[in-house]
Each structure stands twice: as C-alpha cells, then as structure tokens.
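Take a look at the structure below.
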Amino acid sequence: MALPARLMLSPLPEELEFIALQQTDILVRPHFTMGKIRLLSGSYGPFRATANIELPLWVGKYLKQQGKCALVPPSWLNPDWLEEKLKQEMSKPEEFAPLPFRYAEIAKVFLDIAPEDVPSPERVRSLLKDIREVRQAKTRKGLALVDETELRMTGLGSMEINELRPFLIRAMGVMRVLASVPEVPGTQDNSFAAGESGSRMEEDW
Amino acid sequence: MSDWNTGTSWSNGQSHLPSPSPEPQEDTFPDDLDNDRTDPISLLVKAWMTERCSPDVMSFEGELVGKIMGYMDAQAKLIGVLKIDGASEEDHEKIGLVQMELDRVGWLLRSYIATRQEKIMRYASYINSTPAMQTRLSVAEQTLIESYQQIFEESLIRDVVGNLPAELQALDEILPDGRGMVSTPDLDKAVFIRTKQDCGPVLMPDGTPLEIKKRGIHLISYRLVEQLVLRGEVELT
C-alpha cells in the first residue's frame, strides 16, 4: 500500500522517535546476566549485572520496560546543564544554543519510561519546556527572513524542524512562484497547481 | 558556545543514580551524525528518510533491502529453532529482543517501500516515458507502474477522454501557463538539509556562493544540493 499523501508532507513525531531509538546509543546498567546477542544492527553483550553497557536506545527501552535495567541518562539530560542552556538561549537572541539534534525525542523517551533514572525529572521536564518556548519565539522572529532561495537554521533540533516543515516548504514554494518570471505564473511548480493548494494550509495549521 | 563543562554538580547527593555519561565534547554530541553508523539498519533508516524528504524518486536500494531481508529470514528461522528446542530463560530474553527488532525492521521496510510506491504512482506516466527514471526502480516497481498506468489510462479514456472531441483527447498536454497533465517531480522544492562535513560553496541562482558548514541546517531548493545529497555529504532531514 502506498503511503498516505499526508505523511509525504512531513514525518510523524513517532517516526522521528523511531529514528532516535534506532540511531542513538546510550549506557544501560543491566540487572541481569546474559551472553552476547547478535542483532541485525550489531552484536551486543555479554550483559553483566551492574556493569554499564552501551546499547541502542530501543534495546535499552525494551529492557527497561521489562524492569531489567536502569538507563544512564546522557550527560546533557540533567537540570543544571539544561538551566545553563536556557540562560544561554535567552542571552543570545540571534542564535540557538547547541543541543543534541534529537534532544526532544531522546528526552521524551527517558522521561516517559525511566523518570526515576533522570535527576530531578520534574525540573528537567519544565526546563525542556522553557527552552522549547524560547526557541519557538526565536523561530517565529526568524520567519521574517524567509525568501525564495535559502534559509539557514543551524542549531534547530529534528522535532523543531518537523514542526516548521509543512509551513516553510510551502511558504518557500509560494515565494518562488512570486519571484519567478511574472508572465508565466506557476511554471514547473506542480505543488502549486490548482486544486492541490488552498485547503492544505488549514489542514497543517 | 564554550561552556559545556559547567553543570556537572547535579549528581551531588544523588549517588543512587547511575553515573553520567562522559561530558559532551565542545560543539558536538554523540548523536547519529557523529558515530556515522554503517550497519544495514542504519543505512536503511537513512535511505528511508532521504526518500521521505526528497521531492525526486531516488534509486532503489535493492542490494541493501535484499541483504536485510536475508538477515531477517535467518533471524526468524533462529527463533523457530529455539522455540522448538525448548528455550532456556536466557534464550527467552534473546528471542524477545530479536522479535522486537524484526518487528521494527519489518515496519521500516514497509514504510520505505510504501513511500516509494506513493511517489512512483504519482509520477507513473513521467517515469514510464523516461528511461533514465526507470533505472532507479526495482523490477517489481517497474511492473507495478506499467500496469497501474495501463489501467489508469484505459479507465480515463473509457469514461472521460473518449467522449471528448478529438483535439481534447491527449493525456500529456501542457497548458500555456506551464502546468502539464503529466506530473513530474518538482526538483526546485525546498528541503531541509543537515551537513555531515564542510561542503564547498553551493552556487545560488543569483550567482552568489553559499558556504555550507559542518552541522549546518539549511532550508534550500533540492536542485541546488542534489549532487551533495547523492554523494552523501548532506543528509535530508
């Protein structure tokens, strides 16, 4: 079955979480002993109780949900570091404080399934929310810079990009049409063809 | 950008917590850009994301998909054998993980194939008349769009076009404003790119060079960065 057209506009947050689970390695402290295991993405183990082992996040999530391990949060997932970033975020209105590209997805997994392994999870949660809001305000200001050719967005996380994607890609398409040769409107722009536009905007927002 | 080393005091008085991972290096995080994974599943994740984000139809990763399907078969057989032999508790644990991975990879493969299917059906008529595009498709995909287009055109001619005056019967007409009846991928569509390395300057349409630095994230027309994407120097994201 072909993918539903609305999913072609932008990946779902769950799909980005899937990528983060697959592509991020974390430290796990197992509560059990098990020999080496060969998976498609690599070989892991042997597992020894209380000896930290590096595993893909999805393996850590699976074991954690079975109550078989504790997760070691990445060094940036703690209130002091995030507080520092929040300050930095507020003191530099022109740029985004550097955070891991998939910080939102990874933090969500940790706070969802292993809050007891995260130092002061409630503070972490509220700091992440504050950081997100400051960054959103910056993004909104940055929208004024959109033109038909290029926009530099270095520092944004994957989840933040995903939120902006449908709007920005469409906006840039519209500006490209406006900037193109005036007597031939809509040249080569299939997405701007009649019937396809219009209603989409409301769907996305 | 240089204050990574602050903020380590959080573990004070909370010694029951697992020790933190090593401090992030300046400017970098151990995320998926750094440890540039080359295992087949990570490659499939990248191919899937590229296909999702690119306006064009990319080349089918036939070799990779074949390899992964082979691995999946082998893992599934292994589970079968273990289950028949009566699994120990440790085997049980392993079966759970292997099964979980099979489910995840199976879903990923289906989504990759489905993404391509959506695109090739949308551009079926263009692909069928463009040999260069056909080389990007798997045999199954070629068969699919050939029969898809045949059915589509037959039905269109029978129910609609066949009843119109002869001069309106073409299925590949291009209107004066440039819109055509044959949908083609819009290569000028904007995409989000994330760079793995410093790339040479990209020449913008107005002639100015654009420096693309490592870890840069840009929203830019796909056509301008197509070669960088194909060479793997930038990722679509």
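Proteins come first, then strands; the chains are lettered A, B, ... in the order of their sequence lines, and each starts at number 1.
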Flag the pair A:Leu151 / B:Phe192 as yes when at least one side-chain heavy-atom distance between them is below 4.5 Å, and no otherwise. no

B:Trp48 vs A:Phe18 aromatic rings, parallel, tilted or perpendicular, using cut-offs 30° and 60°? perpendicular

Close side-chain approach of A:Ile169 and B:Leu219, heavy atoms under 4.5 Å: yes

Main chain of B:Ile41, side chain of A:Gln22: is a donor-acceptor contact present, judged purely on distance under 3.5 Å? no

Counting only N and O atoms by type, is there a donor-acceptor contact under 3.5 Å from the side chain of A:Arg152 to the main-chain atoms of B:Ile212? no

Using a 3.5 Å distance criterion without hydrogens, assess whether the side chain of A:Gln23 forms a donor-acceptor pair with backbone atoms of B:Lys46. no

Tell me, out of A:Leu40, A:Thr149, A:Leu39, who's got the most heavy-atom pairs with chain B below 4.5 Å. A:Leu40

Please answer whether the main-chain N or O of A:Gly35 pairs with a side-chain N or O of B:Glu90 as donor and acceptor at a distance below 3.5 Å. yes

Side-chain (B:Glu118) to main-chain (A:Leu3) donor-acceptor, under 3.5 angstrom: no

Residue pair B:Arg52 / A:Ser10, side-chain heavy-atom distance below 4.5 Å: no

Give the intermediate values and the outcome of side-chain contact (heavy atoms from CB on, under 4.5 Å) for residues B:Glu93 and A:Phe47. CA-CA 12 Å; B:Glu93 203 56 58; A:Phe47 300 74; over 6 Å; no

So which of B:Leu108, B:Asp206, B:Val191 has the biggest tally of heavy-atom pairs under 4.5 Å with chain A? B:Leu108

